[in-house]
Amino acid sequence: MKKTARLSADMQITYQIYDFLAGPCLYITVPLCIAGILRKAVIIINGRNYGLKFHAPVTQMSLTGRTSTTSFRVYPGTVSGRNRILYSVSLLFHAAIFIAPVTAAAHWILFDMSWGVMPPRIDPGFTRLFTYAAVVAGIFLILRRTFTGHVFAVSSWKDYAAMVCVLTPFVTGILAGKLAGPYETVIVIHCASAHVLLLAVGWTRLGHMVFFASGRLVTLGLIKGDDV
Amino acid sequence: MNSVDHKTIKLMLDQKRYMREMLGACASCGLCAESCLFYKNTGNKKSVPSYKIRKTMGKLFRSGGRVSRDELEDMADLLWGRCALCRQCYCPMGIDLSSIMAWGRAICRSQNIEGVQRANEE
């Protein structure tokens, strides 16, 4: 009897944590995430006034002369023409980590409960596909980081921590969807790790997306950059 | 003339504060290695551009410019001995690696350190 009462108290705390993470906590982490991204954008814009340039070589020079592939011509100076496997996996990974959470029905149910807005139904199989894709591509990137000599040489624990930070919400999302493991604990870890991820996007190296987007705009010629 | 003027280094770092953000945007993907002639010719990890900027300007930013002369000489070995400033280094984030290294050289020069200080081991 005493044990049942104890468990019940634990559950109550778990539900309270869940209620906080799935609700009010978003009002803290989302603005902080946006503020972090805006801060980076402002630094880029200010930096440009002090000489910051995005370096976007159009073609690669080699000792034997100028080398150029179809890919260089189509996507000048981007990763697509340099390492196609990494390009494909990276594109899949980054697309999946955006698409999966945005299309997840469970997220929209919460949104509907709070705001009364429900988008057209998206097949859960679609979300599941991108969730698995994010995890598989993430594992590929971890393996590449570990077993490619020059990538391992420039890696630190922070790079692995960043990847764990990104993958945890997806792995726990899969577990929660399949009702595998202790559901309440899994869903609390899922919510908590998603909040950590949101903060990390704004304030750590995971914010490289801001620079990536700016770099692409330069490469495409939409912002004046510093093409070689 | 063996002392280091930390104040000048700090001032120079403050002038290019945005470089710290750019260093922070490095995803350590290693793609820059494939575009560096030094790395392609030697295969030495010390020639990977992201390694070079982290061990030089990254270190300077982290320490707020408080580095010893020995450390500055180590940096000079990387900045002059393993970089030709050919500007062929490619970064998917658009980080201008060579301009960061050029500023590293400027900081070394401000302390009367210029060129390779010790012979490379390879």
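Chain naming here is simple, since letters A, B, ... match the order of the sequence lines and numbering starts at 1 in each.
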Checklist entry - What's the spacing between B:E21 CD and A:H208 NE2 if we round to 0.5 Å? => result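 Result: 14.0 Å between the selected atoms.
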Item to check | Distance (rounded to the nearest 0.5 Å) between B:E34 CD and A:L86 CG | outcome: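 If I round to the nearest 0.5 Å, the distance is 8.0 Å.
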Does atom [atom1] ([X]) have a neighbourhood of more than 12 heavy atoms from anything else shown, all under 6.0 Å?
X: A:Y160; atom1: OH; result: yes
X: B:F61; atom1: CZ; result: yes
X: B:R17; atom1: CZ; result: no
X: A:K40; atom1: NZ; result: yes

Next on the checklist: Can you pull out every side-chain hydrogen bond (donor to acceptor under 3.5 Å, both in side chains) where at least one residue sits in residues 188-206 of chain A? Sequence neighbours excluded, please.
Outcome noted: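 The answer is A:T29-A:H195, A:D159-A:R205, A:T172-A:H190.
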Next on the checklist: I need the full list of side-chain hydrogen bond (donor to acceptor under 3.5 Å, both in side chains) pairs touching residues 125-142 of chain A, with sequence neighbours left out, sorted by first then second residue.
Outcome noted: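 The answer is A:T103-A:T127.
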Next on the checklist: So, using side-chain contact (heavy atoms from CB on, under 4.5 Å) as the criterion, who are the partners of B:K45 when residues are at least two apart?
Outcome noted: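 side-chain contact (heavy atoms from CB on, under 4.5 Å) check on B:K45 returns A:A153, B:Y51.
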Item to check | Most chain A-contacting option - heavy-atom pairs closer than 4.5 Å, from B:Q15, B:M22, B:K16 | outcome: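 Answer, by heavy-atom pair count under 4.5 Å with chain A: B:M22.
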Checklist entry - If you tally heavy-atom pairs under 4.5 Å against chain A, which of B:S99, B:S28, B:A25, B:C26 wins? => result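 Max contact count across the listed options: B:S28.
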Item to check | For B:G30 against A:V151, the heavy-atom pair lying closest together | outcome: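 Shortest heavy-atom contact: CA-CG2, 4.2 Å.
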Next on the checklist: Tell me if a side-chain donor or acceptor on A:H150 pairs with a main-chain N or O of B:V48 at a distance below 3.5 Å.
Outcome noted: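 A pair under 3.5 Å: no.
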Item to check | Residues in residues 141-148 of chain A near chain B [non-hydrogen atoms, under 4.5 Å] | outcome: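 If one takes a 4.5 Å heavy-atom cut-off, the residues of residues 141-148 of chain A near chain B are A:R144, A:R145.
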